[in-house]
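Below: one structure, written as structure tokens.
Model, not experiment: these values are computed from the prediction.
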Amino acid sequence: MCEQVLSDTLDGKIQINLLLNWLVNETLEDATFNELRNNKCLQSDFVSYFLNFIHDIQAFTNKSVEIPQKVSTPKRIERFIITHDENNCETPSVKRRSALFENGTPHSQMDVCSFIHSRDYEENDNVSPNNSFYLGVSPLLDDINFNCDSKNETKFSNNMLFGTIHNRVYFASKVLQSQISILSMLDKSTLRLLIENKRLKNFTSSSFISRLLQIHEDKPDKTSEILEHIQSNVCFISDTDNRDNFPNDPSFHAFRKQRDLFYEIIRIWENNHLQDEWNYVVALGGKIKALLNMHSDVINLVHFARLFKAQLLMNTCGKHEDTFQENAVSESQLSFLSSIPNVDTEKLLRLKSRIVSKQSENSINSTPIFSGYQEFYRDFILVAANHIFNRHLNDALISEIIDLNNTKFSSDFDDNGGSVDSSTQNAYTLCIKSLRILAKFLGFLESLPYKSDNIQLSQNVVSCQIRIRNEIQPGLNLKAIINNSISNKSLIVTIPWIIKYFSMLDHITLRLSYFEEILNMLFEIYYFHLNKLTSNSKHNYKQKNIFLVKLCLGWLFELPHFPEDSYYKFLSQKLLLSKLTKVQINNSSETIFLDELDLVDQNALYICCPYLQDIKKILSDSINTLNNPNVTIKHITPLTAVESPTDLSNRRIQLQLEEAFFNGQPVSIRKTVEFISERVASSCVKQVCNEIVPNFKKKVLADLKSLFSLFNVPDDINSDHEEFSKIKAMITTETSRLANSSLNALREHIDKELKSFSNARIASAVDSLLAMDVLTQTKDVCVSIATRLCRERVQQWINSHVNLGIFSKDFDTEVRHFLASNSSKQSKHKPIFALPIYGKDLKHNPDALSGADLVEHVRNYCWTVLEKPGNLTVDMIMELLKLIRQSINERCDLNDCILILINRMLVDFLILIIGNRGDIVQESDVMMSFCSIWKQKNCQIDDLFKTLICFRNIHVISHSLNVSISWKSFEKFLKILLEEKLLTCDLLEAQIVAIDKDKLDEVTLKDLDACVQAVMNVDLKTGESSSR
Amino acid sequence: MDIQTYNEIVKTIKSHYGLTTDCLPLLREKFPSIDKNTLSSITMHEYQKRMKYNHVKSAEVMNMYYNLYKTAVDRGDNPGIILRISQQYDVTPCLVAKLILQRHFNDVNSINSDNDSSSQTNIKTYMRDTTLIQDPSLAYEVYLCTLYDTQYSPVVETIKTSLGQEYEIKLHKEMLNLGLAFRDEEHLRKYGYDKTPDVKLEVPIAVDGFVINWVESKALFGDEDVHREYMRNQYLSYWNR
């Protein structure tokens, strides 16, 4: 069925858009899809078919390149082959298609494929994003000479679509282009290799390559980490290891011997295990058995299990795990190396790891294997074969997993939108690394009794086992853990180890009903939540977090022993459900989660998904075969040491001393010191943000203004003038000089301020948090270590946050203002709309009328003068004006807008009085009271009387009951305005000129003329008299 | 206010027909114990709802109003023509005035072949400042509308924002007087909060058995619709902040 759909699509019988629509809208009951539905093909089936199709073709045609071991689970490939056989591939349509390709117009069809493929990825229908990489990358590496003779092959002649290298590369580059967001997660060198890939260059647009380049540029070089002392064995901790923790003396002393023997065993293994004839069982079997039987008390085994676990973590999660697991640099060698001055152990190890190339063991979709130290611990468990020990080890692993899984990572410097400093990121990386190791061993231990060499179990055997074990539950309460991490938004901590744990379990266990439920939870996360997060750009979740969870889950779902059809079963159930309920499936769950902190860095990503490394490997391997001229063979270039060797070794010895100090103290001391340093650093940063920087900025802005005053800009200068641009350039250079010098000064200032700030705080915090009986010297050491840690943290933050950006924005606006104010001197004042939250003045009389009340009062008076003019008296008007004056003077919450409104309404009110009760104005001096308010200039308006002489006002006056009195009053009004300098003669003249005289009747025109004339004459006289 | 009083107020408003200016004094007389700002806020909501039903902005309606106005002017009716039309159709005066103005300018523009896009902004300007209207009687008529319309007049916006600020400042002063520890909007915005209530209490307080974390000043009467609307658009985001 699916075959039919695909071939129809490729033939153009089914429109590609229709198909895509159909794939996206699962529930659409549209008649247009009838054609597709006739094929009785479910969307999910089609997707799985299509993916198999692509993957299979890859596997088939891709002979020259080492392809991923498994591109699909066996069952689905089978299904593909079956559907394939059902449809005879020698159908005419196939032939026609082949012909089409030979005619060289395949692009549209290839587009179809890549379209569908990308959509699959985005919608999470695809089980594994990992495969997309391989799919995308591998054709780029194909041997150019690959001959497309495959058309003669009978069985897969259908695959002509991918028969030519041209088509496959085209497809691959299309897929890669659509997945640029994923590509941006890759590391720098992989990106470099991709950019330099000739084929990709030929097949993609230059904009794509330039975007890749951009991403490449933005990637930081490998982050250099702070030198850490390499601790290689578990120290004696008095809280948990002293005599009080054992039942009796023999047990206590036996454990001492057990501990020593354990380290002896490790040493023997380290020194010998790479030798050819060395045999683990022969050399260590007896010792291991002796160790475990030395004292059979349960308590000893509990202690030993804990030691075993701690040492396991130390060996496998140390910073150099990668390097020494393969190279077997023994512990003694290592400590020896680190104590030689002038030798950088780290560099040495890196060099070694580069020379000795690792075999690619973590190939995609293969179950995890044990390498390096892990091998030792695995064999120890196997050889010991002690079920009591296994049980206790199990307990120890679980308790540690729970502890670590509950680690809270917080953004130290809050309010930064989830960004964290690199030490928190490192802590996170270490945490998941440890969790993954623990989960791996836990899974190993739990599945130990069930592991069978026989991979192909008959259905009967499987169902029998399932029946027996169906009610068994694992030691960890996985359901609760997943649910908790969803609600705590800590999936990025939980998922990486859960999948490791699952991957270690056996075939049967994964099919038990308890696990089925868990898997459904994981599917739910994978399909709905991640999908929603990716599609919903509103939630600015950290892309890397999503990507990490996606990759991890995808990897698990593709493992060979993973229940192959379960994901599709899950999908189709959901589809069915949504069809029944007519609800869009995406809405089924509202919770959106995922840690909002930007914890996942590239490092963490590559640790959780080691197979990402393989992409680089494949790409770089191919460089040689492709004879790429851009090949650069990397040489190890010596770097100039920033610090002198003595400094470096001093620092190293300092760190070693600190580490030794903490090892000798109870754990709580270390925790306290770390806690104090972290919190004090956080408050330092807040101090910088809220106090130091703003104050400093004020000072610098004042400096800037005084700098401006040195520049003399001529008044009449034009902004296009040459002189102007010269001055502008000068100002710009001066400003940037000031910014640079200010930045240095600021950093010094911060340094000085924080020293006293943090010292006092740390000292008092250490004093109050440590026990009374701690020695003064110990306290002092704690203070100094906390101070150093705190300074380092703060310094890191300052380096990344205190930069020129602090000044540049304000400086730019200042410069712009300065230049603008010079080029156009008369800047218009706009009314201030917003008031400060405490009002514009401190004194406030809440009993005075509010702005809204005043407006209402004036309005009421307007109504009165219109409706019952006879009721209006001078006293009423005077009372109103008094109230207004009071409010303006005494209330602090009148903004400019409302003041403008009140002033305007007063003008209108006066006009209405003139029109309806001209007599009032004539007989009293109310007008002067009005003017006294306007003259207060209580708000920024200069156009209050700009349109005093207008049709509306003339209409009011000319329709008065007593026209002559009204005109007389208006005349008086104008005179007063001129006298009080509220209106100028010029403005008045301009208004009169602007009036369209044709719209006025003759009588009115005459009245207006007479009025204006009278006003002008008076003004002329007074003008003359004043000039005289 | 108890729900019964509220319902009675709404009932009074609903039974009132015509200008809100006549409605408010009526309410004040009937419910002397209720603050007048509260009464006008309720009236505002009710009229907004009513206008959604009554006010139709179609060409026919526009022409009808305009013709009514024209005939009345030609007949030499007393001023207040548009007010009377508004009363007759139970649509607030400014809404009627806007349509008539628009129609008036359509005529003028078609003669001057002016661009049409600016007419909408022009009408806003003219409503705001009626002295700019170049037709004596129309200018006066529109002015009367802005004076008598307490709901849709341009001054209403200014009054509303002024009231808003008045109450925010009042809230601020009250909080200071009570000696509560709180952060204002300004502070919250500065520290990058995405949602900023007017006042966020640094130390929560309990009022009538409810824990109060933040206070929002709206200077509005909160009827059911208003609460529902703000709840959806604003308050729910404060939940976990």
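Heavy atoms of B/S40 lying under 4.5 Å from chain A are absent altogether. No part of B/L138 comes within reach of chain A, as not one of its non-hydrogen atoms sits under 4.5 angstrom from that chain. For B/L163, the part lying near chain A is the side chain, with the backbone staying farther off; criterion is any non-hydrogen pair under 4.5 Å.
Going from atom CG of A/D908 over to atom OG1 of B/T146 covers 7.5 Å, rounded to the nearest 0.5 Å. Rounding to the nearest 0.5 Å gives a distance of 4.0 Å between CG of A/L912 and OH of B/Y143. The OG1 atom of B/T150 lies 9.0 Å from the CD atom of A/E856; values are rounded to the nearest 0.5 Å. Remark: A/F945 CZ to B/T131 OG1 distance equals 12.0 Å, nearest 0.5 Å. From B/S162, atom OG reaches atom CD1 of A/I902 across 7.5 Å, with rounding to the nearest 0.5 Å.
A salt bridge is absent between B/D129 and A/R904: the closest approach of a Lys/Arg side-chain nitrogen to an acidic carboxylate oxygen does not fall below 4.0 angstrom.
Between B/T158 and A/I900, every side-chain heavy-atom pair lies at or beyond the 4.5 Å cut-off.
Residue B/I212 qualifies as enclosed at atom CD1: its count of foreign heavy atoms under 6.0 Å is above 12. A/E867 CD: more than 12 foreign heavy atoms inside a 6.0 Å radius.
Contact tally against chain A (heavy-atom pairs below 4.5 Å) for B/K160, B/K36, B/K170, B/E141: the top residue is B/K36.
Ring geometry for A/W863 versus B/Y148: interplanar angle under 30°, hence parallel rather than tilted (30 to 60°).
Results of the side-chain contact (heavy atoms from CB on, under 4.5 Å) test with A/R952 over B/T130, B/L132, B/V142 single out B/T130 as the only residue that passes.
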